[in-house]
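The structure displayed is predicted, hence computed values, not measured ones.
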Amino acid sequence: MPCITRRLPVSLFVCLTAILAGCTSPKPAYEREDFTQNDVFSRTFPTASTTACDAGRRALLSQGYNIDRFDPARVSGHKNFQGEDGLHTQINFNIDCASDGSANQRATVFANAVQDRYSIKRTSSSASVGVSVLGQVSMPFGSSDDSLVKTASQTVSRPKFYEGFFQLLQRFLPDAEAAAAPHVAPKLVPQVVPHSAPPSPAGATQPVPTTPPAAPKPAEPPADPVVSPDAPADTLNPATANGPSGPPAINEKAEPTPEAGGDKPAP
């Protein structure tokens, strides 16, 4: 009995192959980018743009990032990771700050992180020695060089990753505002130096002026005694009791003065 085989049309086979290939191949990246409005990569803060960027720089430094660039409106840094499988990963973090008004009291912070993966590539080289008789001979000793080769690069799109960064920026915002505030220098009170004293050299102590002692007052002369007319006579001084002394009167006879221990004269 003859065997009958059915052959599918070539056009149908080509269509099935194209459909299967379209289902298995991934979509291009631009087809997954729809530019929908979301707050994953941006956040608004009630402060100046320069202050917001300074707070973002402090947030990255607190997590071990190395700052590569710091401008009033842009900050960039990176952080390295090493896995157990020998793969090296680096995260590059970029911050852009834009003012939302003429008063510069509101700013929008845009954050973006890119993850790069590297693998170690080793290249070995052997030393060769040339001999005139034998020609060029390769020796077993040599050297090897290690280098990192980028194997993948991808933008981090995890919302929790950026949410943690913006919360940390909000915590460092008061410190950045205090650093941006104008510093007022304390007022210095000038020291009054008398004109008579010469200026003291640098580092010497200023002498304290002393007040000279006051000159003693001269002693006043004793005042003349005032004799009251009604004062009693001095009975102990006969000269003053009988009045001022003077020569005896002519008609009066002077009586002799009794001597000590002598007899009293007869009357």
Side-chain angles (χ1 to χ4, degrees), residues 22-121 147-186:
C23 294
T24 56
S25 62
K27 294 183 178 180
Y30 62 86
E31 292 185 1
R32 291 177 292 175
E33 192 69 30
D34 51 1
F35 287 96
T36 57
Q37 184 177 1
N38 54 44
D39 296 335
V40 177
F41 302 96
S42 63
R43 197 66 50 89
T44 302
F45 296 95
T47 185
S49 58
T50 56
T51 306
C53 273
D54 189 15
R57 177 182 65 92
R58 296 168 186 260
L60 292 180
L61 289 174
S62 66
Q63 299 302 311
Y65 281 80
N66 295 325
I67 302 301
D68 301 325
R69 177 183 177 183
F70 175 54
D71 293 336
R74 183 177 178 82
V75 180
S76 61
H78 71 277
K79 186 177 182 180
N80 299 321
F81 302 88
Q82 183 70 37
E84 297 179 356
D85 52 356
L87 295 178
H88 179 80
T89 305
Q90 185 180 76
I91 295 180
N92 297 313
F93 208 103
N94 301 313
I95 304 172
D96 289 274
C97 306
S99 177
D100 293 348
S102 59
N104 199 15
Q105 296 298 328
R106 288 175 59 88
T108 301
V109 179
F110 300 93
N112 169 265
V114 178
Q115 176 180 280
D116 297 333
R117 293 183 179 180
Y118 298 86
S119 62
I120 300 177
K121 183 179 180 181
S147 60
L148 293 176
V149 179
K150 182 186 290 188
T151 58
S153 181
Q154 184 180 3
T155 300
V156 179
S157 59
R158 185 184 179 189
K160 190 176 180 179
F161 176 82
Y162 295 98
E163 182 67 25
F165 166 73
F166 288 127
Q167 290 180 0
L168 195 59
L169 187 150
Q170 180 71 33
R171 195 184 76 176
F172 282 101
L173 199 58
D175 297 338
E177 291 177 349
H183 178 69
V184 178

Taking every non-hydrogen atom, the tightest pair across Ser153 and Asp116: OG-OD1, 2.6 Å
Flag the pair Phe93 / Lys79 as yes when at least one side-chain heavy-atom distance between them is below 4.5 Å, and no otherwise. no
Inter-residue atom distance Leu61.CG - Phe172.CZ, 0.5 Å rounding: 8.5 Å
Taking the basic N atoms (NZ, or NE/NH1/NH2) and the acidic carboxylate oxygens, is any pair closer than 4.0 Å for Asp54 and Arg58? yes
At what distance, to the nearest 0.5 angstrom, does CG of Leu173 lie from OG1 of Thr47? 5.0 Å
For residues Leu169 and Arg43, determine if any side-chain heavy atom of one lies less than 4.5 Å from a side-chain heavy atom of the other. no
For Gln82, look at atom CD and say whether over 12 heavy atoms of other residues, nucleotides or ligands are found less than 6.0 Å away. yes
Measure the shortest side-chain to side-chain distance between Ile120 and Leu148 over non-hydrogen atoms and say whether it is less than 4.5 angstrom. yes
Go through Ser76 and Asp68 one step at a time and tell me if the side-chain hydrogen bond (donor to acceptor under 3.5 Å, both in side chains) criterion holds. CA-CA 6 Å; Ser76 61; Asp68 301 325; 5.0 Å; no
Nearest-0.5 Å distance that lies between atom CD in Gln105 and atom OG1 in Thr51: 9.0 Å
To the nearest 0.5 Å, tell me how far Asp96 CG sits from Ser49 OG. 11.0 Å
Drop me the distance from Tyr118's OH to Thr89's OG1, to the nearest 0.5 angstrom. 10.0 Å
Disulfide (SG to SG under 2.5 Å) pairs, two or more places apart, involving residues 33-83: Cys53-Cys97
Any idea which heavy atoms bring Ser62 and Leu168 closest together, and the distance? OG-CD2, 3.4 Å
Go through it in stages, so that I can follow the logic: the residues are Val109 and Ser42, the test is side-chain contact (heavy atoms from CB on, under 4.5 Å), and I'd like the CA-CA distance, side-chain angles, deciding distance and then a yes or no. CA-CA 5 Å; Val109 179; Ser42 63; over 6 Å; no
Are Asp39 and Tyr162 packed together at the side-chain level, in the sense that at least one heavy-atom pair is separated by less than 4.5 angstrom? no
Give me the atom names and distance for the closest heavy-atom approach of Gly56 to Phe165. O-CE1, 4.1 Å
Mark yes or no for whether Thr151, through its side chain, and Arg117, through its backbone, hold a donor-acceptor pair below 3.5 Å. yes
Exercise: identify the closest heavy-atom pair between Ala98 and Phe110: CB-CE1, 4.3 Å
Here the gap from Arg158 atom CZ to Glu163 atom CD, rounded to the nearest 0.5 Å, amounts to 12.0 Å
Per side chain to side chain contact (heavy atoms under 4.5 Å, CB included), Asn112 is matched among Asn92, Val156, Asn94 by Asn94
